[in-house]
Amino acid sequence: MNSNTGLRAPGHPLGIHRVLEPKGAMPQQAWRLDNTPTAAANEILCQVEALNIDSASFKQIADECGFDPQRIGEHIAKIVGERGKQHNPITGSGGMFVGRVLEIGESLRENIDLRAGERIASLVSLTLTPLQIDSIEGVDVATGRVWVSAKAILFESALWARLPEDVDEGVALAVFDVAGAPAQTRRLCSKGQTVVVIGADGKSGMLVCAQAKARTGARGRVIGVVPDASSPAAAVLLHCGVVDELIVADARDALETSSRVTGAAPQLADLVINCVNVPGTELASILCARQDGTIYFFSMSTSFTTAALGAEGVGRDVTMIIGNGYTKGHAEIALQTLREHPEIHAHFNRTYARKSQ
Ligand code: NAP
């Protein structure tokens, strides 16, 4: 606060002024952030209603807490209490939030198309979002959704999106969380390719299959790998024609997965997209890709070391891409993917639509 004018000073646009430890770290790398719920001149203060915990992180926490909603809530409150942000120390991943804008710092107000009172979803990770939780209101174990009374800060550089009017809020939250995946799939796929999607029946997997089929066209082949073909999502994928083949395999078993894929396709994949929420699936992805093919690791459970040394070990010259959470226009591309596939949209409504707690 400037004592002469009563105005608050602007912070660093990337939020570095909020880093408490270690000094010199960027907010995402930092162990702990200052989560004081007061907006600097270039920050946005939000009242947070729901957290969408990243799937790899939620699965790890749920496993540790025996899938008990009460313990999961306490665990999340403890992480946020210690770190000033929802940054799972085991998986290193976060998620995003939905809430209402309480205040926009005075130096931002005239420069952004957003007003106090509007409801938004954050499009930057919770691993770099200062967050203070007052209470946990509920935990939905099926979707990884956590209802909270909390306050969060968005930095000047942060991405956010207004909630769409034609898509249920819970569905929009689920779609925004994985928005980078369909947008990058659209960029990576081309006509006639063979694409393998591992974890095809999850949120990102379904949107990725939809984009991959649209881009590869009738001569292309999209092969989904799922752990269980009897899931409702698997039925939707087949019925709406966004996969040409569905293979049941545990992707932690690299040989089994790749042999089933080669049994279903005349050739190995030009592009493999990994959308699972468990560790240990790097080698299956590598073995499903052809020489000079591409692997897109969207999964947060991906180990750089395992992927790099694994590809070397099996002599596969492949391009491996880290799934950047951000792609230009990703939120709109992800929503559009949903709108263009009514059966997938209906499945998301059944699974992720906001239910009263
Ligand atoms: P999700 O909805 O939970 O889907 C994960 C899918 O993987 C599920 O369908 C799951 O099947 C399947 N799966 C689990 N174990 C498997 C196995 N051993 N073999 C084959 N399939 C398996 O997750 P999501 O929200 O789409 O997220 C997918 C991944 O992306 C997660 O790791 C998440 O953390 C990550 N993510 C990355 C970014 C980024 O910026 N790169 C952003 C958000 C999320 P079951 O449900 O039957 O177990």
Side-chain angles (χ1 to χ4, degrees), residues 10-11 13-15 18 27-28 33 35-54 80 84-87 94-134 137-138 140 143-180 182-183 203 207 325-339 348 352-354 357:
L14 301 178
R18 290 264 179 181
Q28 203 283 331
L33 296 181
N35 59 358
T36 308
T38 309
N42 59 346
E43 291 178 335
I44 302 171
L45 173 67
C46 297
Q47 180 71 46
V48 178
E49 297 158 13
L51 305 175
N52 194 76
I53 306 291
D54 151 82
V80 176
K85 56 178 178 170
Q86 172 45 37
H87 189 165
M96 27 84 69
F97 75 79
V98 145
R100 189 177 295 282
V101 176
L102 286 177
E103 187 191 344
I104 302 174
E106 60 270 14
S107 67
L108 267 188
R109 257 173 238 157
E110 302 311 318
N111 302 328
I112 57 171
D113 174 26
L114 186 67
R115 296 290 163 260
E118 290 195 86
R119 301 191 68 236
I120 58 168
S122 64
L123 294 180
V124 282
S125 172
L126 288 174
T127 61
L128 56 89
T129 303
L131 180 67
Q132 192 174 84
I133 295 182
D134 299 320
E137 310 286 332
D140 183 356
T143 60
R145 192 78 35 85
V146 180
W147 307 102
V148 290
S149 171
K151 294 198 175 60
I153 293 286
L154 291 174
F155 305 136
E156 186 176 336
S157 58
L159 303 164
W160 48 267
R162 249 179 220 96
L163 291 168
E165 287 178 4
D166 62 331
V167 175
D168 173 272
E169 179 185 314
V171 173
L173 193 54
V175 170
F176 285 152
D177 180 33
V178 298
K203 292 189 283 299
L207 297 172
Y326 173 62
T327 309
K328 284 188 209 106
H330 64 335
E332 201 40 52
I333 292 170
L335 285 175
Q336 201 51 33
T337 309
L338 195 73
R339 291 182 183 115
F348 271 56
Y352 304 109
R354 182 167 187 167
Q357 301 158 50

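One-based numbering along the sequence shown.
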task = Could you tell me whether the side chain of Q132 and the main chain of A150 form a donor-acceptor pair under 3.5 Å?
result = no
ask   = Is there a side-chain contact between N35 and L131 (heavy atoms, below 4.5 Å)?
value = no
request  = Please report the shortest heavy-atom distance between S107 and A41, naming the atom on each side.
outcome  = OG-O, 2.8 Å
key: Member of V48, I133, L45 meeting the side-chain contact (heavy atoms from CB on, under 4.5 Å) criterion with K151   = L45
inquiry  = Using every non-hydrogen atom in the two residues, find where K85 and T129 come nearest and quote the distance to one decimal.
reply    = CB-O, 3.5 Å
ask   = E137 versus E49: any side-chain heavy-atom pair under 4.5 Å?
value = no
inquiry  = Could you measure the distance from the CH2 atom of W147 to the CG atom of L51? Nearest 0.5 Å is fine.
reply    = 10.0 Å
query = Testing R100, R162, R119 for salt bridge (charged side-chain N to carboxylate O under 4.0 Å, His left out) with E169, which one passes?
reply = R119
request  = Give the minimum heavy-atom separation between K203 and F348, together with the two atoms involved.
outcome  = O-CZ, 3.6 Å
ask   = How many angstroms lie between atom CD of Q86 and atom OG of S125, to the nearest 0.5 angstrom?
value = 9.0 Å
query = If we only count heavy atoms from C-beta on, is the L154 to I120 side-chain gap below 4.5 Å?
reply = yes
message = What I want to find out is whether R339 reaches E332 closely enough, with some N-O distance under 4.0 Å, to be called a salt bridge.
response = yes
ask   = Tell me, do M96 and L173 make a side-chain contact under 4.5 Å, heavy atoms counted?
value = yes
inquiry  = Is the shortest side-chain heavy-atom distance between L335 and V175 below 4.5 Å?
reply    = yes
key: Over all atoms of both residues, closest heavy-atom pair of D54 and D177   = CA-OD2, 4.3 Å
Any T36 side-chain heavy atom under 4.5 Å of R18 side chain = yes
remark   = For L163 and A121, the nearest pair of non-hydrogen atoms, with its separation, is CD2-CB, 4.2 Å
Closest contact, heavy atoms only, D168 versus A353 = OD1-CA, 3.0 Å
query = Rounded to the nearest 0.5 Å, how far apart are CG of L102 and CD1 of I153?
reply = 9.5 Å
ask   = If only atom types and distance count, is the side chain of S149 paired as donor or acceptor with the main-chain N or O of D134 below 3.5 Å?
value = no
task = Calculate, to the nearest 0.5 Å, the distance between atoms CG and CD belonging to N42 and E156 respectively.
result = 4.5 Å
ask   = Is the closest side-chain heavy-atom distance between H330 and L123 below 4.5 Å?
value = yes
Stepwise side chain to side chain contact (heavy atoms under 4.5 Å, CB included) check, L207 with L338 = CA-CA 7 Å; L207 297 172; L338 195 73; 4.1 Å; yes
ask   = Nearest 0.5 Å, what's the CD1-CD distance between I44 and E118?
value = 10.5 Å
Gap separating the CD1 atom of I112 from the CH2 atom of W160, nearest 0.5 angstrom = 5.5 Å
key: Flag side-chain contact, heavy atom, 4.5 Å: S122 against F176   = no
